[in-house]
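When reading the values below, keep in mind they use all heavy atoms of this one structure, side chains included, and skip hydrogens, waters and symmetry mates. Residue numbering restarts at 1 for every chain, and letters A, B, ... go by the order of the sequence lines.
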There are 2 protein chains.
Amino acid sequence: MKNTKQRKVVLDIINNSDKHLDAFGVYKLARISISNISLGTVYRNLGSLENEGAIQVIMVDGVKHYDKIIPHYHFVCKKCLKIIDVFDLEIPRLKEYNGNLVDDYEIVLKGICENCQKEDNYGIKRK
Amino acid sequence: MKNTKQRKVVLDIINNSDKHLDAFGVYKLARISISNISLGTVYRNLGSLENEGAIQVIMVDGVKHYDKIIPHYHFVCKKCLKIIDVFDLEIPRLKEYNGNLVDDYEIVLKGICENCQKEDNYGIKRK
DNA sequence: TCCTAAATAGTAATGATTACTATTTAAGTA
DNA sequence: TACTTAAATAGTAATCATTACTATTTAGGA
């Protein structure tokens with residue numbers, strides 16, 4: 001594997017962001033450092049970083065969002081699709097189920113966020 | 001809401017299948033009953049049935065798969081993408097987190113299925 | 001039977017992601 | 001330091017799941 005500047009920029013963006021960026025969000029930030037970086041390159045690096053376990057993915061509304069590797073979960077608001085980090089949640093995990101090797105849990109809490117519970121915020125999506 | 005035959009066929013397909021069909025899989029089966037049913041109609045009904053809580057969704061590789069409402073979880077093999085039902089798993093659930101109302105947990109176990117652990121099955125996806 | 005809003009069929013459009021290809025480059029080797 | 005080469009990139013085209021659109025049909029109430 002080659003240690004390219006594109007790869008380093010993509011990884012740094014994820015590790016330094018407190019947002020949960022999708023590929024295009026990473027691309028927009030990456031262009032600040034490398035003005036002609038290709039969107040395909042961003043996708044490829046996000047994919048390989050995910051496979052290596054260097055970053056993690058959370059799926060929201062059919063779109064992959066990326067996050068650094070810090071043990072935590074996510075809450076996703078069904079109305080505005082906002083992603084909120086969830087810490088201090090203990091969930092017991094199987095290592096194996098019926099002969100199938102389990103090495104990962106994808107856990108997403110879903111519901112209505114505090115803001116959207118106020119009735120005048122109905123239906124406003126902030127992606 | 002109108003009680004159309006298309007809606008009934010879609011719901012029956014989910015409730016009578018032990019597979020985890022995606023929209024196109026439902027469409028193919030639905031055409032046996034209604035030969036000119038539209039793919040868009042299948043999507044619309046799957047979406048509304050999901051919103052009403054009549055069926056549930058599991059996301060695999062960026063594609064929605066549908067399942068009946070029976071309390072259980074899923075294991076997804078990272079290699080072949082097979083979905084395996086997981087019963088008898090107790091996971092404690094919050095009702096609320098920092099003022100956010102939690103009414104649903106999306107939980108997917110991921111790993112390598114029994115079959116794919118045999119080395120001669122590497123890389124074969126069965127979608 | 002009539003009426004009407006809702007659902008449908010068929011098709012086009014969208015949007016995230018992947019594939020393709022000529023060019024560039026990281027990194028090992030002489 | 002220059003050479004070599006496989007891997008990565010930029011730019012673009014293609015794919016594919018899903019949604020949007022519109023004329024037509026239909027469920028269900030009056």
Side-chain angles (χ1 to χ4, degrees), chain A residues 1-14 19-52 54-67 76 78 81 83 123 125-127, chain B residues 1-14 19-52 54-67 76 78 81 83 123 125-127:
Chain A
M1 177 198 318
K2 288 165 73 171
N3 189 20
T4 65
K5 62 176 187 288
Q6 288 85 352
R7 179 183 179 79
K8 178 168 174 12
V9 163
V10 168
L11 181 56
D12 285 350
I13 286 171
I14 300 300
K19 308 236 185 1
H20 302 84
L21 299 164
D22 62 10
F24 197 77
V26 174
Y27 170 66
K28 282 187 289 188
L29 290 178
R31 293 209 325 190
I32 297 171
S33 304
I34 304 171
S35 62
N36 72 330
I37 192 172
S38 170
L39 181 57
T41 296
V42 171
Y43 269 101
R44 189 168 4 80
N45 278 299
L46 287 170
S48 61
L49 288 167
E50 179 196 351
N51 281 341
E52 295 156 24
I55 60 177
Q56 61 173 306
V57 174
I58 170 179
M59 201 77 176
V60 177
D61 209 34
V63 179
K64 286 184 174 180
H65 293 247
Y66 293 90
D67 202 353
V76 176
K78 290 179 178 179
L81 303 182
I83 304 171
K125 286 191 182 183
R126 58 165 95 157
K127 291 201 72 171
Chain B
M1 175 197 319
K2 289 165 73 170
N3 189 19
T4 65
K5 62 176 185 289
Q6 289 85 351
R7 178 183 180 78
K8 178 168 173 15
V9 164
V10 168
L11 180 56
D12 285 350
I13 286 171
I14 300 300
K19 307 236 182 6
H20 303 84
L21 299 164
D22 62 10
F24 197 76
V26 174
Y27 170 67
K28 282 187 289 187
L29 290 179
R31 293 209 324 191
I32 297 172
S33 303
I34 305 171
S35 62
N36 71 329
I37 191 172
S38 171
L39 181 57
T41 296
V42 171
Y43 269 102
R44 188 168 4 81
N45 279 300
L46 286 171
S48 61
L49 288 167
E50 179 195 350
N51 282 340
E52 296 156 23
I55 59 177
Q56 61 173 306
V57 173
I58 171 179
M59 201 77 176
V60 177
D61 210 32
V63 178
K64 286 183 174 182
H65 292 247
Y66 294 90
D67 203 353
V76 176
K78 290 179 178 179
L81 302 181
I83 304 171
K125 286 190 181 182
R126 58 167 94 155
K127 292 202 72 170

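When side chains are defined from C-beta on, B:Asp67 does not count as touching B:Ile83, because their heavy atoms never get closer than 4.5 Å. For the pair A:Ile14/A:Leu49, no side-chain contact is recorded, criterion being any heavy-atom separation below 4.5 Å from C-beta on.
Residue A:Val57 comes nearest to A:Lys64 through the heavy atom pair CG1-CG, 3.8 Å, listed as atom of the first residue, atom of the second, then distance. Closest non-hydrogen pair, A:Ile58 versus A:Val76, comes out as CD1-CG2, 4.0 Å.
When the C1' atom of D:dA17 is taken as reference, atom CD1 of B:Ile58 falls 17 Å away, rounded to whole Å. The CG-P distance, from A:Leu46 to C:dT17, rounds to 9 Å in whole Å. Residue B:Arg7 contributes atom CZ, which lies 11 Å from atom P of D:dG28 at whole-angstrom precision. We find that CD1 of A:Ile37 is positioned 16 Å from C1' of D:dT12, with the value rounded to whole Å. Separating the NZ atom of A:Lys64 from the C1' atom of C:dT17 is a distance of 9 Å, rounded to the nearest angstrom. B:Asn45 has its CG atom 12 Å from the C1' atom of C:dA6, to the nearest Å. Following rounding to the nearest Å, B:Asn51 (CG) and D:dT18 (C1') show an atom-to-atom distance of 15 Å. Between B:Asn36 atom CG and D:dT26 atom P the separation is 10 Å, expressed in whole Å.
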Which atom pairs, one a donor and one an acceptor, fall under 3.5 Å between side chains of residues 36-48 of chain A and the rest of the protein, sequence neighbours left out?
residue, atom, partner, partner atom, Å
A:Ser38, OG, A:Gly40, N, 3.2
A:Thr41, OG1, A:Arg44, NH2, 3.3
A:Asn45, ND2, A:Thr41, O, 3.0
A:Ser48, OG, A:Arg7, NH1, 3.3
A:Ser48, OG, A:Arg44, O, 3.4
A:Ser48, OG, A:Asn45, O, 3.2

For residues 27-35 of chain B, which side-chain N or O atoms pair as donor and acceptor with protein atoms under 3.5 Å away, sequence neighbours left out?
residue, atom, partner, partner atom, Å
B:Tyr27, OH, B:Arg31, NH1, 2.9

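For B:His20 (side chain) and B:His65 (main-chain N/O), no donor-acceptor pair under 3.5 Å exists by modelled atom type.
Using a 4.0 Å cut-off on heavy atoms, none of the residues of residues 22-31 of chain B approach DNA chain C.
Neither OP1 nor OP2 of D:dT26 sits under 4.0 Å from any side-chain N or O of B:Gln6. Taking only side-chain nitrogens and oxygens, B:Thr41 comes nearer than 4.0 Å to OP1 or OP2 of C:dA9.
Here C:dT17 is the nucleotide among C:dA7, C:dT17, D:dA10 with the atom lying nearest to any side-chain atom of A:Leu39. With distances taken from any side-chain atom of A:Ser38 to the nucleotides D:dG11, C:dA9, D:dT18, the minimum falls on D:dG11. Of the candidates C:dA16, D:dG11, C:dA9, C:dA16 carries the atom nearest the A:Tyr43 side chain, counting heavy atoms from C-beta on.
Helix bend of the helix from C:dT1-D:dA30 to C:dA30-D:dT1: the angle between its two end axes, each built from five pairs, comes to 30° after rounding to 10°.
Contacts of A:Lys19 classified as side chain to side chain contact (heavy atoms under 4.5 Å, CB included), with partners at least two apart in sequence or in another chain: A:Ser17, A:Leu21.
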With 3.5 Å as the limit, what N/O pairs link the protein to nucleotides 21-30 of chain C?
residue, atom, partner, partner atom, Å
C:dT25, O2, A:Lys2, NZ, 2.7
C:dA27, OP1, A:Asn3, N, 2.9

